[in-house]
Student: 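Next up is a structure, given as structure tokens.
All of these numbers come straight from a predicted model, not from anything done at the bench. One-based numbering, in listed order, for ligands and for the atoms of each. Worth knowing before you read on, the calculation uses all heavy atoms, side chains too, and leaves out hydrogens, waters and symmetry mates.
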Amino acid sequence: MSSLSSAAADLRKQLSGQLLEPGAPTYDDVRRVHNGAIDKRPALIARCLGAADVADAVRLARAEGLEIAVRGGGHNVAGRASVEGGMMIDLSLMRQVVVDPAGRTATAGGGTLWREFNRETQQFGLATTGGVVSSTGVAGLTLAGGFGWLMPRFGMALDNLRAATMVLADGRVAHVDAASHPDLFWAIRGGGGNFGVAATLEFQLHEVGPIVTGGLVVHPGPRARDLLRFFREQARDLPDEAFIVAAMLFAPDGSGMKVAAIGAQHSGPLAAGEAFARPIKAFGPPVMDVLGPMPYVASNMMLDDSFQKGARNYWKSHFLHDLSDGAIDALLVQYDRLPTPLSQIVIEHFHGAATRVPVADTAYALRDSGFNVLLVAQWTDPRDDDRCADWCRAAYASLQPFISPRRYANYLNDDDLRDPINLTSMYGANLPRLRQVKKQFDPDNAFHLNLNIPPG
Ligand SMILES: Cc1cc2nc3c(=O)[nH]c(=O)nc-3n(C[C@H](O)[C@H](O)[C@H](O)COP(=O)(O)OP(=O)(O)OC[C@H]3O[C@@H](n4cnc5c(N)ncnc54)[C@H](O)[C@@H]3O)c2cc1C
């Protein structure tokens, strides 16, 4: 018996969860992540049920020299949740959400999805900032930023993180919060999966809903230029309760018609939401208008169908301080060239509470107001792989005259990470301190399949 087989046999006896190897009946299902273009085959998949399982899996991987990948929600389009030939630490069975309504906190397992988190917290009329798309994982999204509908009102997801149970690189389990581990707690709020595995995450909650003003207003594609200019004007003076996003895409009905849409949510009183929605609804005759009162949970799920698990994905993104006429023109050229009906261009507006947190307060550096442009190539036929990635890269290149120095870490591809300038564009002035904390807690860089910070 090889050293790995005997270590795996020992681990199997220890785990409360399961240990899968290639050939196990569920292996192929479990190794799949959101992006269907990712096809990695881990040597072992530890399906953990708690921090102790994670700690044992980390120790085995390190002893056997296996690369470690951590799967939270599995949504990262770069496929960092899996690994070829290494150890996948799969947290997808750890999805319990426990709400403390009196303390206004919720503790979520490291594999929880936002839709599960929102469902539980809304039982008490509470919520915190989560992803715009509800099938995204709580852990990966939060540890590297986390923007969503409530971001202008309550900050990024990471601004609402109060504590985490972390499994560190040496297998120790630590309760990490501001009082017990100030440096590590600072670093996990923006430093991604670099510092350990979050077995649980505890969040601050706020009163939201259950009914908010939310939805979409959709216009014909030829109105895209006017719509983007209108979107820019609306963005100038938004209250903290409001978040808006613009998208240029194909109608989902298979007609091949191109459309341009504004998605919006206002989480304040419904009368204020109605006043916020009025100009958006009045912008020309739409092909569809579903902006109005709706459950907070439904508003968080309304974009989910555009991002089906298993579709192939290649994304590029950059932050823009201004949505200038030149940037709009460049985006419209790329809109004309969208490579497949599932592809789209999304513009997310950053403002409010998330932009008022000083950069040094957390490891997360993108605190500017402005527009995050996301170029989404999405397709199903592997023969389109090159064509779709080529469109995305060319579209990204055409945006270069308009970009700011910042990039949103959670959207970056592995080819982006090859350029060291992107470490600075993600972490900014926080990079030297992050490298020091990395050296203290993971000097051998055991956790490197992430937005990797080299130990200082
Ligand atoms: C359809 C779609 C919509 C999205 N919408 C948004 C959005 O609205 N807002 C936004 O901010 N981002 C969004 N994202 C990006 C998203 O934040 C990232 O893809 C994020 O990595 C997803 O987290 P996950 O847990 O699902 O990822 P995974 O693929 O599981 O992991 C991603 C990274 O996080 C690390 N990680 C995951 N879980 C843990 C853990 N428990 N402990 C330590 N490290 C961990 C992994 O090691 C890996 O490096 C979206 C992505 C997709 C595909």
Student: Would you check whether Leu143 has a nitrogen or oxygen atom less than 3.5 angstrom from a nitrogen or oxygen atom of ligand 1?
Tutor: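 N/O-N/O distance under 3.5 Å: no.
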Student: Between Arg12 and Glu21, does at least one N-O distance fall below 4.0 Å, as a salt bridge requires?
Tutor: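 Judged by the 4.0 Å cut-off on N to carboxylate O distance, Arg12 and Glu21 do form a salt bridge.
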Student: Out of all atoms in ligand 1, which are within 4.0 Å of some heavy atom of Gly73? Include the element for each.
Tutor: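 It comes down to these atoms of ligand 1: 24 (P), 25 (O), 26 (O), 30 (O).
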Student: Pick, from Ser134, Ala198, Ala139, Ala157, the option with the minimum heavy-atom distance to atom 42 (N) of ligand 1.
Tutor: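 Ranked by closest heavy atom to atom 42 (N) of ligand 1, first place is Ala198.
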Student: Starting from atom 49 (O) of ligand 1, locate the nearest protein heavy atom and write down its residue, its atom name and how far away it is, to 0.1 Å.
Tutor: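 The answer is Leu449 O, 3.1 Å.
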Student: So, His448 versus Glu67: side-chain donor-acceptor pair below 3.5 Å or not?
Tutor: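 Result is yes, a qualifying pair exists.
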Student: Is there any N or O on Asn410 that sits under 3.5 Å from an N or O of ligand 1?
Tutor: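 For ligand 1, there is an N or O atom that lies under 3.5 Å from one belonging to Asn410.
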Student: Could you tell me, atom by atom, which parts of ligand 1 come under 4.0 Å of a heavy atom of Gly146?
Tutor: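 Every atom of ligand 1 under 4.0 Å from some heavy atom of Gly146: 11 (O).
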Student: Name the one of Val437, Val176, Leu434 that satisfies side-chain contact (heavy atoms from CB on, under 4.5 Å) with Asp183?
Tutor: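 For Asp183, the side-chain contact (heavy atoms from CB on, under 4.5 Å) test succeeds with only one of Val437, Val176, Leu434, which is Val437.
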Student: Under a 4.0 angstrom heavy-atom cut-off, which atoms of ligand 1 come close to Ala81?
Tutor: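 With Ala81 as reference, the close atoms of ligand 1 come out as 28 (P), 29 (O), 30 (O).
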Student: Compute both the distance and the angle, then confirm whether Arg337 meets the cation-pi test with Trp391: under 6.0 Å from the six-membered ring centre, within 45 degrees of the axis.
Tutor: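 Geometry flag: not set, cation outside 6.0 Å or 45°.
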Student: What is the nearest protein non-hydrogen atom to atom 28 (P) of ligand 1, stated with its residue, atom name and distance?
Tutor: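 Answer for atom 28 (P) of ligand 1: Gly74 N, 3.4 Å.
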Student: Out of Thr136, Asn450, Leu412, who is nearest to atom 3 (C) of ligand 1 when you count heavy atoms only?
Tutor: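 Considering heavy atoms of Thr136, Asn450, Leu412, the nearest to atom 3 (C) of ligand 1 sits in Thr136.
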Student: For atom 6 (C) of ligand 1, what's the nearest protein heavy-atom neighbour? Residue, atom name and distance, please.
Tutor: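 For atom 6 (C) of ligand 1, the nearest protein heavy atom comes out as Tyr411 OH, 3.8 Å.
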Student: Which heavy atom of the protein is the closest neighbour of atom 44 (N) of ligand 1, given with residue, atom name and distance?
Tutor: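 The protein heavy atom lying closest is Gly193 CA, 3.5 Å.
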Student: Can you name the one residue among Val346, Asn300, Leu303 that meets side-chain contact (heavy atoms from CB on, under 4.5 Å) with Val132?
Tutor: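 The residue from Val346, Asn300, Leu303 that satisfies side-chain contact (heavy atoms from CB on, under 4.5 Å) with Val132 turns out to be Leu303.
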Student: Distance under 6.0 Å and angle within 45° of the ring axis: does Lys258 meet both against Tyr335?
Tutor: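 Pair Lys258/Tyr335 counts as cation-pi.
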Student: Does the ring of Phe117 carry Arg119 above it, NZ/CZ under 6.0 angstrom from centre and within 45° of its axis?
Tutor: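 No, a cation-pi geometry is absent between Arg119 and Phe117.
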Student: Give a yes-or-no answer on whether the side chains of Asp29 and Thr26 include a donor-acceptor pair shorter than 3.5 Å.
Tutor: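 Distance-only check fails for Asp29 and Thr26.
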Student: Among all the protein's non-hydrogen atoms, which is closest to atom 37 (C) of ligand 1, and how far away is it?
Tutor: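 It is Gly72 N, 3.6 Å.
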Student: Could you tell me how the ring of His206 sits relative to the ring of Phe154: parallel (under 30°), tilted (30 to 60°) or perpendicular (over 60°)?
Tutor: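 It falls in the parallel class, under 30°.
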Student: For atom 43 (C) of ligand 1, which protein heavy atom lies nearest, and how many Å away is it?
Tutor: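 The closest one turns out to be Gly196 O, 3.3 Å.
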Student: Select the closest option to atom 32 (C) of ligand 1 among Asn372, Val197, Asn76, Val138, judged by heavy-atom distance.
Tutor: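 Ranked by closest heavy atom to atom 32 (C) of ligand 1, first place is Asn76.
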Student: Name the closest protein heavy atom to atom 8 (O) of ligand 1, giving the residue it belongs to and the distance to 0.1 Å.
Tutor: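 Looking at atom 8 (O) of ligand 1, the protein heavy atom closest to it is Val132 N, 2.7 Å.
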Student: Among all the protein's non-hydrogen atoms, which is closest to atom 51 (C) of ligand 1, and how far away is it?
Tutor: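 Nearest neighbour among protein heavy atoms for atom 51 (C) of ligand 1, to 0.1 Å: Trp315 CH2, 3.7 Å.
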Student: Taking Trp379 as the fixed residue, which of Thr340, Asp385, Asp384 is the one that meets the side chain to side chain donor-acceptor pair (under 3.5 Å) rule?
Tutor: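 With Trp379 as partner, Thr340, Asp385, Asp384 yield a single side chain to side chain donor-acceptor pair (under 3.5 Å), made by Asp385.
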Student: List ligand 1 atoms under 4.0 Å from Arg80, heavy atoms only on the residue side.
Tutor: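 Selected atoms, number and element: 48 (C), 49 (O).
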Student: Can you figure out which of Asn194, Val70, Leu141 has its heavy atom closest to atom 10 (C) of ligand 1?
Tutor: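 Among Asn194, Val70, Leu141, the closest heavy atom to atom 10 (C) of ligand 1 comes from Leu141.
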Student: Atom 1 (C) of ligand 1: which of Trp114, Tyr408, Phe307 has the nearest heavy atom?
Tutor: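 Looking at heavy atoms only, the winner is Phe307.
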Student: Let me have the donor-acceptor pairs involving side chains of residues 139-147, under 3.5 Å, with sequence neighbours excluded, atom names and distances please.
Tutor:
{"unit_1": "Thr142", "atom_1": "OG1", "unit_2": "Val138", "atom_2": "O", "d": "2.7"}

Student: If I apply the N/O under 3.5 Å rule, does Gly137 come out as touching ligand 1?
Tutor: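 So ligand 1 has an N or O lying under 3.5 Å from an N or O of Gly137.
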Student: Parallel, tilted or perpendicular for Phe350 and Phe319, by the 30°/60° rule?
Tutor: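 Ring orientation, 0 to 90° scale: perpendicular.
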Student: Which of the atoms in ligand 1, numbered in the order shown and given with their element, are less than 4.0 Å from a heavy-atom of Arg71?
Tutor: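 The atoms of ligand 1 under 4.0 Å from a heavy atom of Arg71 are 30 (O).
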Student: Can you tell me if Val33 has a non-hydrogen atom under 4.0 Å from ligand 1?
Tutor: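 Heavy atoms of Val33 never come under 4.0 Å of ligand 1.
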Student: Should the proximity of His34 to ligand 1, defined as any heavy atom under 4.0 Å, be assigned to the side chain, the backbone, both, or neither?
Tutor: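 Within the 4.0 Å criterion, His34 contacts ligand 1 through side-chain atoms alone.
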Student: With sequence neighbours left out, what residues match Arg418 under salt bridge (charged side-chain N to carboxylate O under 4.0 Å, His left out)?
Tutor: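 Checked Arg418 against salt bridge (charged side-chain N to carboxylate O under 4.0 Å, His left out); zero matches.
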Student: What do you reckon, is NZ of Lys439 surrounded by more than 12 foreign heavy atoms closer than 6.0 Å?
Tutor: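 No, NZ of Lys439 has 12 or fewer neighbouring heavy atoms, counting only those of other groups under 6.0 Å.
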Student: For the 3.5 Å polar cut-off, considering only N or O atoms, please tell me whether Phe147 and ligand 1 meet it.
Tutor: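 Right, the criterion is met.
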